[in-house]
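Right, one structure below, let's go through it.
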Amino acid sequence: MTADLILFFGLAAVAIGAALGMLLSKNAVYSALFLILNFATVAVFFLLLGAPFIAMAQVAVYAGAIMVLFLFVIMLLGAEQLLTSHKSGWQRPIAILLTLVLLVESIYLIFGRGRLLSQVAPVASDYASPEAIGELLFSRYLLPFEVTSILLLVAMVGVIVLIKKPKANN
Amino acid sequence: MIPLSWYLILAAGLFCIGFYGVLARRNAIAILMSIELMLNAVNINLVAFWRFLAPESISGQAFAVIVFAVAAAEVAVGLALVISIYRSRKTVIAEEINLMKW
């Protein structure tokens with residue numbers, strides 16, 4: 001129990017700290033690296049919740065593929081230095097205000113409405129294996145799965161069209 | 001076992017940090033990164049609700065897998081847009097992309 005608590009609070013501190021570091025660092029490359037740290041800690045949260053497949057997919061897809069894409073584009077465009085001079089300063093106070101309202105509201109709802117649910121049914125160690133998730137995706141959730149594949153195909157075609165250089169004659 | 005509320009609070013905190021990033025950052029790539037953070041917070045909620053409220057079916061994890069795929073597609077399209085805009089306007093600052101501004 002105490003080991004769980006220490007693990008949870010340590011990981012939560014690392015996750016929130018990494019997210020704040022992502023937000024506050026001036027260099028976009030450092031932002032991306034902080035975000036990778038955040039994704040890795042969230043993967044450990046998935047392991048704590050008993051979802052090993054999701055944790056591995058988180059590391060492979062988010063911390064691997066997506067962040068490599070981000071770093072590649074940041075270095076390609078040379079966009080790592082952010083401008084610190086802020087011309088329209090009215091955005092930042094409004095953003096802080098709206099964020100605080102959202103945070104207080106969600107904490108109020110979670111603690112005000114929800115009962116403090118701390119008992120969970122124990123599950124077998126091989127429960128929710130990649131095999132079981134695959135079976136579920138290909139039987140009960142076949143249609144959303146196929147729609148997702150079409151979405152990925154459309155995104156791929158769209159990216160190729162967007163990136164293609166314009167023709168020389170126009 | 002950690003109560004469900006704590007996971008929800010953590011996810012709400014991460015979501016709010018991402019929300020602030022979307023509203024206040026000026027670099028378009030940083031805005032996309034903040035959107036990734038928000039999607040990730042949603043995934044924590046999905047898996048936590050699955051574990052605490054409906055552990056007998058694995059549906060929550062199937063939803064999380066689909067969110068991964070949507071996030072990957074969204075990042076690819078968003079970064080392609082950023083590169084395309086950078087080619088024509090030579091900037092990634094969101095305020096300077098005002099071609100359609102009235």
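Just so we're on the same page: letters track the sequence lines, and every chain starts at 1. The shown structure was predicted, so the numbers you read here are calculated from the model rather than taken from an experiment.
Put simply, CZ on A/Arg92 and CD1 on A/Ile94 are 12.5 Å apart, with the number rounded to the nearest 0.5 Å. Once rounded to the nearest 0.5 Å, the distance linking CD1 of B/Ile35 with CZ of B/Phe19 reads 11.5 Å. The CD atom of A/Glu105 sits 9.5 Å away from atom SG of B/Cys16, with the distance rounded to the nearest 0.5 Å. Here the CE-CG distance, from B/Met38 to B/Asn43, works out to 13.5 Å after rounding to the nearest 0.5 Å.
With a 4.5 angstrom heavy-atom cutoff, A/Phe34 does not touch chain B via any of its atoms. Of the two parts of A/Leu98, the backbone and the side chain both hold a non-hydrogen atom closer than 4.5 Å to a non-hydrogen atom of chain B. When heavy atoms are compared at a cutoff of 4.5 Å, B/Glu36 approaches chain A by way of both its backbone and its side chain. Looking at A/Leu162, the atoms closer than 4.5 Å to chain B (heavy atoms on both sides) sit in the backbone and in the side chain alike.
A ring-centre distance under 6.0 Å is not found for B/Trp50 and B/Phe63.
Chain B forms more heavy-atom pairs under 4.5 Å with one residue of A/Leu7, A/Leu20, A/Ile96 than with any other, namely A/Ile96. Chain A forms more heavy-atom pairs under 4.5 Å with one residue of B/Leu32, B/Ile9, B/Leu81, B/Leu8 than with any other, namely B/Ile9. Options B/Leu23, B/Ile83, B/Ile58 differ in how many heavy-atom pairs under 4.5 Å they form with chain A, and the most are formed by B/Ile58. Ranked by heavy-atom pairs under 4.5 Å with chain A, the first of B/Val70, B/Leu37, B/Val22 is B/Leu37. Each of A/Thr148, A/Leu35, A/Thr99, A/Leu102 has some count of heavy-atom pairs under 4.5 Å with chain B, and the biggest count is that of A/Thr99. Interface check for chain B: of the options A/Ser149, A/Gly134, A/Ser106, A/Ala19, the most heavy-atom pairs under 4.5 Å are formed by A/Ala19. If you tally non-hydrogen atom pairs under 4.5 Å between each of B/Ala28, B/Ser59, B/Ala64, B/Gly13 and chain A, the highest count goes to B/Ser59.
The backbone N or O of A/Ile163 sits less than 3.5 Å from a side-chain atom of B/Arg87, completing a donor-acceptor pair.
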Working for ring pair (Phe, Tyr, Trp, His ring centres under 6.0 Å), residues A/Phe8 and B/Tyr7: CA-CA 9 Å; A/Phe8 181 87; B/Tyr7 283 104; 5.0 Å; yes

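Using a 4.5 Å heavy-atom cutoff, the side chains of A/Met22 and A/Asn38 are not in contact. At a threshold of 4.5 Å between non-hydrogen side-chain atoms, the residues A/Leu136 and B/Gln61 do not count as touching.
Chain B is approached within less than 4.5 Å, heavy atom to heavy atom, by A/Leu151, A/Leu152, A/Ala155, A/Val159 from residues 151-161 of chain A, ordered by number.
When only modelled atom types and interatomic distance are considered, B/Ser34 and B/Tyr20 share no side-chain donor-acceptor pair under 3.5 Å.
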Scan the side chains in residues 42-70 of chain A for donor-acceptor partners under 3.5 Å anywhere in the protein, sequence neighbours excluded, and list what turns up.
{"unit_1": "A/Gln58", "atom_1": "NE2", "unit_2": "A/Phe39", "atom_2": "O", "d": "3.2"}
{"unit_1": "A/Gln58", "atom_1": "NE2", "unit_2": "B/Asn40", "atom_2": "OD1", "d": "3.3"}

